[in-house]
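Working notes, structure below.
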Amino acid sequence: FMDLFAGIGGFHLAMSSQGGTLAFASESDTSARITYAMNYGIVPFGDIRTFTRHANGQPLSVQEIAKRVPRSDIITAGFPCQPFSQAGVSSRNFHGLDHGLRCEAQGTLFEDILLIARATRPDAIVLENVRNLASHDKGKTIRIIRNEIEHSGYQIFPDWTGSRNWAVVDSRAVVAQRRKRVYMVCIRKDLSLALERKKGSFQMPTFENPKKPFTLRDIIEEDNELSNDEKFNRFSISPLLWQSHQRRDANHESKNNGFRAALMTDLNQPAPTLVARYYKDGKDCLIPNTTTNGPPRMLTPTECGLLQTFPKNFWIPKAKTPAYKQFGNSITVEVARQIAQQLTAYLYT
């Protein structure tokens with residue numbers, strides 16, 4: 001398998017669990033590359049465009065790309081989501097910048113996945129992105145992506161039904177986190193047609209909310225490396241920051257809008273979506289201090305890893321900022337593992 005926009009290797013864990021062997025990995029963030037290397041013994045290459053483009057940004061020929069990039073059976077890619085995310089779109093609109101597939105800085109990175117696919121012809125491509133991809137630019141972005149994938153010779157699953165050709169999966173089906181993400185499985189058309197005659201169409205796994213919901217309390221208890229007091233000593237936000245959150249909440253409440261700091265007063269619920277900006281102020285998920293009534297604490301990095309279903313022994317940077325950013329940017333491993341399991345069984349058994 002090929003791990004593009006690899007981050008800290010969520011897809012690596014998913015594919016390896018199905019007997020996959022890494023053929024090629026690429027990740028531009030230096031800190032994430034270190035985490036990847038520490039956990040898998042492999043340093044990913046940097047910017048993927050060094051393998052797909054001339055210095056002036058124009059794409060290389062498929063023949064040149066094929067010389068630079070090895071073939072793999074499956075390409076996985078959680079391609080950069082900022083141009084498609086709600087926050088990214090709002091920020092870019094405010095600053096008068098293009099977004100989506102018009103964003104020169106990141107939007108065109110989707111094209112690099114397809115350049116490699118056209119050059120190396122893998123059996124399948126697994127793509128992940130933010131939920132807002134499904135509705136970005138009134139559905140135009142997803143239609144463009146769909147057309148480009150199909151023109152590259154791949155059939156998309158779930159099938160296009162007139163309004164959608166993606167699966168929006170909520171991580172709360174597998175772990176105590178409300179995290180909705182778009183997943184697309186793309187199988188090379190000649191292979192898909194042959195397999196359909198033998199096995200029927202590929203079916204995505206069914207992700208349903210469990211009868212007994214996963215709870216944030218379970219995650220907190222599973223991270224037993226530190227005592228509860230130690231967690232509050234090390235990860236509580238400052239009194240000034242807590243006062244600032246409370247002032248903003250009161251201001252938003254007076255305006256009757258929905259913005260609030262996510263204070264988890266009920267730990268028997270799933271956590272909100274982990275985000276890359278969590279390191280800044282922790283407002284997306286705060287654990288109340290019921291012992292001293294002091295300021296709440298942020299999740300520990302280990303708790304963040306568990307909420308993304310990484311193994312408990314996963315190596316995490318000691319510095320909080322990269323640890324929070326990396327888990328916030330990651331996929332939920334168990335979701336990807338179930339998709340990988342279904343796909344590899346369909347393709348190779």
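All values below were derived from every heavy atom in this structure, side-chain atoms included, with hydrogens, water molecules and symmetry-related copies excluded.
- In this structure, Asp123 does not pair ionically with Arg121, as no charged nitrogen and carboxylate oxygen lie closer than 4.0 Å.
- Side-chain contact, Arg188 with Ser192: no donor N or O sits under 3.5 Å from an acceptor N or O.
- Salt-bridge annotation for Arg277 and Asp284: present, with a side-chain N of the basic residue lying under 4.0 Å from a carboxylate O of the acidic one.
- For Phe24 and Phe51, the gap between ring centers is short of 6.0 Å.
- With hydrogens and angles left out, the side-chain atoms of Gln308 and Ser330 include no donor and acceptor closer than 3.5 Å.
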_Candidate pair Phe110 and Phe79, rule ring pair (Phe, Tyr, Trp, His ring centres under 6.0 Å), full reasoning_ = CA-CA 7 Å; Phe110 172 73; Phe79 58 102; 5.2 Å; yes
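- We find that Arg53 and Asp47 are not joined by a salt bridge, their nearest charged nitrogen and carboxylate oxygen being 4.0 Å or further apart.
- The aromatic ring centroids of Phe11 and Phe1 lie 6.0 Å or more from each other.
- A donor-acceptor contact under 3.5 angstrom links the side chains of Asp112 and Thr52, judged on distance only.
- Evaluation of the ring pair (Phe, Tyr, Trp, His ring centres under 6.0 Å) test over residues 207-250, restricted to residues two or more places apart or in two chains, returns none.
- Between Glu222 and Arg217 no salt bridge is recorded (no basic side-chain N to carboxylate O distance below 4.0 Å).
- In this structure, a donor-acceptor pair under 3.5 Å is absent between the side chains of Asn129 and Tyr183.
- For the residue pair Gln177/Ser171, the side-chain donor-acceptor check at 3.5 Å is not satisfied.
- Clustering ILVMFWY residues whenever any of their side-chain heavy atoms sit less than 4.5 angstrom apart, transitively, puts Met204 in the very cluster that holds Val174.
- A salt bridge is absent between Glu230 and Arg297: the closest approach of a Lys/Arg side-chain nitrogen to an acidic carboxylate oxygen does not fall below 4.0 angstrom.
- For Lys231 and Asp223, the salt-bridge test passes: some basic side-chain N is under 4.0 Å from an acidic carboxylate O.
- Salt-bridge annotation for Arg33 and Glu27: absent, with no side-chain N of the basic residue lying under 4.0 Å from a carboxylate O of the acidic one.
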